[in-house]
Amino acid sequence: MSIQIQDSLRRRKAPFRPLVPGQVSLYVCGPTVYDDCHIGHLMGPVIFDAIARWFRSRGYLVRFVNNITDIDDKIIQRALKSGEPWLAITQRYTAQYFEFLKKLHVVTITDHPRCTEYIDEMIAFVEELIAADRAYKTSDGVYYDIQRQEHYGKLSGRKLDEMLSGVRVERSEELRHPADFALWKLAKPGEPTWESPWGAGRPGWHLECSVMSSSLLGQAFDIHGGGDDLKFPHHENEIAQSEALGHSYAQCWMHNGLIQYGGVKIAKSDPRMKDPEFARQFQAAWLLDTYGAPTIRFFLLQGHYRSPVDFKPENLQAARAGLARLLKQLGALAEEADETNAEEVFARTLPLPLAERRAAYCEALDDDFSTGRALGHVFALLNDAKKLAGKEQHEALRLVRDLGRLLGLFLPGDAAQIADDEAHHGELFEQVMSFVLTLRQEARARKDFALSDRIRDGLAALDIHVEDKAGSSTWRVGS
RNA sequence: GGUGGCAUAGCCAAGCGGUAAGGCGACGGAUUGCAAAUCCGUUAUUCCCCGGUUCAAAUCCGGGUGCCACCUCCA
């Protein structure tokens, strides 16, 4: 059974056939590092990390390239506005991005090329395009001539004449077609520059992905991924440039759905984002802090990668509750070091019902990486496990854990992160709580339940919830 | 206006021709001094609407309606 992938370009599902047997070359567009990371920037990496993990589980060697756009108009604007050197800005936000990837257990990315490391290659690429008569100079840069492209628009499904009818004001009259895009932008005073045959300037946005992917993966590679919003114009233009030079480029395109709130896409330009309280909900730092990185990863994998994901609080809370229940059942198993070996997990001899769950799980992932369906089977397996006992139950729970781990879930430390972060409460708070609970324990010992209930209710009103266990009590903040 | 996509229980979400996975929540029971947690059980005769094809449709076809995305920077 081979892995099936829904290809955005051909608009159909087809068996994955690698260019090199046993290997996968994957390129996923990364962030422009000019501001705090928001959850949309992390969705792609998490999803494609799960996909890469599944390829590995199926025995493939995966090379996974995720670029960093570290020169761009927005970075320059930010630098001019704040007075901070652009390099300091990009370095800070790149480091932040890497930190979030680590917290989210994104471990499969093998290369993080930075745009500014490939300027020479980009200049050479543009020279080739000019030599092939696919690009031309204007007073402010070099542009790609889309009308020379035979199938321009094949990815996003649009036609050149249709695009002309769209109102595109303020495009230079020097352009041969309003949708022609910049390959090289000549610098204005005060902007960072690189020397080129056309004058000092910087590369256009679309160029970097064509250049870096071919440099690292070759002129033909297996899969190109990215957010659905990049289909047009970004990916369309990548295809145009690369095919103009005879590259066969990506054999298959995968696009992930976008972040929504209340059914509407969330993006930086959204008017709702002007409200800082609202905007905060999509900042990676806040989300990871509030729900825990494992919840965010789990939540993203509960849906299908091509569908939009709604980050409203109810949904995140539901995900956290489900994951918390599962981790609680796994207990110590979830804290054991991760030594999961896919081959061993697949080969394990199991009672028939468990083996069937495992097969269903694999089938779901082989079918266009249906992580949500796969996780449904994991929960069903958990319910099966509860009906078993002793060694059999342990084996079933171990399978739950290991199937999850193939996707980067249920790892050591996860449970602690989604339980409320004790670091936020502080040591003093811990001591106070311990004291209060001791008093309550004493009241209970002498059957003064009126008092013990008063303490518990009073704490509950502060959103601190006490739970009695045999001989001791525990507490937690929030639902 | 053009181009894609989606409509399944209170919410999220799978299924894509053979008689509705799973999660959250809710409800009932066990347990508990009472709770919480845990365990057991219940929770869509039906898949936006109307036609059609078929022995059989949530799944296919035609026509509606509603929502979303892209066409401008966006992961």
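Each chain gets a letter, A, B and so on, in the order its sequence line appears, and its residues count up from 1. Treat the numbers as computed from the prediction; the structure is a model and nothing was measured.
OP1 or OP2 of B/C39 lies within a sub-4.0 Å distance of a side-chain N or O belonging to A/K386. For A/K312 and B/C12, the shortest distance from a side-chain N or O to OP1 or OP2 is below 4.0 Å.
Judged by distance alone, the side chain of A/T295 and the main-chain N or O of A/R320 form no donor-acceptor pair under 3.5 Å.
Counting only residues at least two apart or on different chains, the salt bridge (charged side-chain N to carboxylate O under 4.0 Å, His left out) pairs with a member in residues 94-108 of chain A are A/E99-A/K103.
Here the P atom of nucleotide B/G4 and the CD atom of A/E236 are 13 Å apart, to the nearest Å. For the pair A/H304 NE2 and B/A69 P, the computed distance is 19 Å after rounding to whole Å. Atom CZ in A/F299 sits about 10 Å away from atom P in B/C12, given to the nearest Å. For the pair A/L9 CG and B/G4 C1', the interatomic distance rounds to 14 Å; values are reported in whole Å. Whole-Å rounding puts the A/L301 CG to B/A14 C1' distance at 15 Å. Between the P atom of B/C16 and the NZ atom of A/K13 lies a distance of 8 Å, rounded to the nearest Å. Remark: C1' of B/A75 and OH of A/Y261 are 20 Å apart, rounded to the nearest angstrom.
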Identify every side-chain donor-acceptor pair in residues 259-266 of chain A under 3.5 Å, counting partners at least two apart or on other chains, and give the distances.
none

Output side-chain donor-acceptor pairs under 3.5 Å for residues 105-112 of chain A, partner residues at least two apart or in another chain, one line each.
from, atom 1, to, atom 2, distance (Å)
A/H105, NE2, A/D414, OD1, 2.9
A/T108, OG1, A/D49, OD1, 2.7
A/T110, OG1, A/F64, N, 2.9
A/T110, OG1, A/F64, O, 3.0
A/D111, OD1, A/R63, NE, 2.9
A/D111, OD2, A/R63, NH2, 2.9
A/H112, ND1, A/N66, O, 3.0

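Here A/D229 lies in heavy-atom contact (under 4.0 Å) with a base. Using a 4.0 Å heavy-atom criterion, one finds that A/G44 contacts no nucleic acid atom at all. At a threshold of 4.0 angstrom between heavy atoms, the contacts of A/L258 include nucleobase atoms, whether or not backbone atoms are also involved. If you check every strand for non-hydrogen atoms under 4.0 Å, A/I266 touches a base.
In this structure, A/F98 has its ring center at least 6.0 angstrom away from the ring center of A/Y93. Between A/H235 and A/H206, the distance separating the two ring centers is not shorter than 6.0 angstrom.
Here B/A75 is the nucleotide among B/A75, B/G41, B/C39 with the atom lying nearest to any side-chain atom of A/N256. When distances are taken from the side chain of A/C29 to each of B/G4, B/C70, B/A75, the shortest belongs to B/A75. For A/E467, taking side-chain heavy atoms from C-beta onward, the closest of the listed nucleotides B/A37, B/G33, B/G41 is B/A37. Counting only heavy atoms from C-beta on, A/K387 has its side chain closest to B/C40 among B/C70, B/C40, B/A35. In the set B/A36, B/C40, B/A75, the nucleotide with an atom closest to the side chain of A/M43 is B/A75. Between B/A69, B/A14, B/C70, one nucleotide has an atom nearer to the side chain of A/S307 than all others, and that is B/A14. Distance from the side chain of A/S370 is smallest for B/G15 among the nucleotides B/C70, B/G15, B/C34. Looking at the side chain of A/K265, the nearest of the listed nucleotides B/G33, B/A36, B/C70 is B/C70.
You won't find any donor-acceptor pair under 3.5 Å spanning the side chain of A/R456 and the base of B/A36, going by distance alone.
Rounded to a whole angstrom, the distance from the P atom of B/U43 to that of B/A35 is 25 Å. Between B/A36 and B/U31, the two P atoms lie 15 Å apart (nearest whole Å). Using atom P as the reference point in both B/G33 and B/C16, the two lie 49 Å apart (nearest Å). Taking atom P on both B/G52 and B/C12, the two are 32 Å apart, rounded to the nearest angstrom. Using atom C1' as the reference point in both B/U54 and B/C60, the two lie 10 Å apart (nearest Å). Remark: the separation of the P atoms in B/G64 and B/C27 is 44 Å, to the nearest Å. Atom name C1', nucleotides B/C40 and B/U45: the rounded distance is 26 Å, in whole Å. Rounded to whole Å, the C1' atom of B/A7 lies 15 Å from the corresponding atom of B/U46.
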statement: For RNA chain B, the dot-bracket notation using Watson-Crick and G-U wobble pairs below 3.5 Å, [ ] for pseudoknot-type crossings and | for other-strand pairs, is ((((((((.[[[..)..(...]]]((((((.......))))))....[[[[[..)....]]]]])))))))....

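Annotation: cation-pi pair A/R158/A/F232 present, NZ/CZ under 6.0 Å from the ring centroid and within 45° of its normal.
Between A/D35 and the choices A/R78, A/K74, A/H41, A/Q283, the side-chain hydrogen bond (donor to acceptor under 3.5 Å, both in side chains) rule is met once, by A/R78.
For A/Y144 and A/Q149, the side-chain atoms include at least one donor-acceptor pair closer than 3.5 Å. Looking only at atom types and distance, the side chain of A/T69 has a donor-acceptor partner in the side chain of A/E208 under 3.5 Å away. A/H465 and A/D463 are linked by a side-chain donor-acceptor pair at a separation below 3.5 angstrom, with hydrogens and angles left out of the test.
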query: Which parts of nucleotides 21-27 of chain B does protein reach within less than 4.0 Å, heavy atoms only, written one letter per nucleotide 5' to 3' as B for base, S for sugar-phosphate only and - for none?
result: BSSS---

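Along RNA chain B, the nucleotide nearest A/K328 and the nucleotide nearest A/L42 are compared for position; the residue whose nucleotide lies closer to the 5' end is A/K328. If A/V466 and A/Q260 are placed on RNA chain B by their nearest nucleotide, the residue sitting closer to the 5' end is A/V466.
Considering only residues two or more places apart in sequence or on other chains, A/S307 meets the side chain to side chain donor-acceptor pair (under 3.5 Å) condition with none of them.
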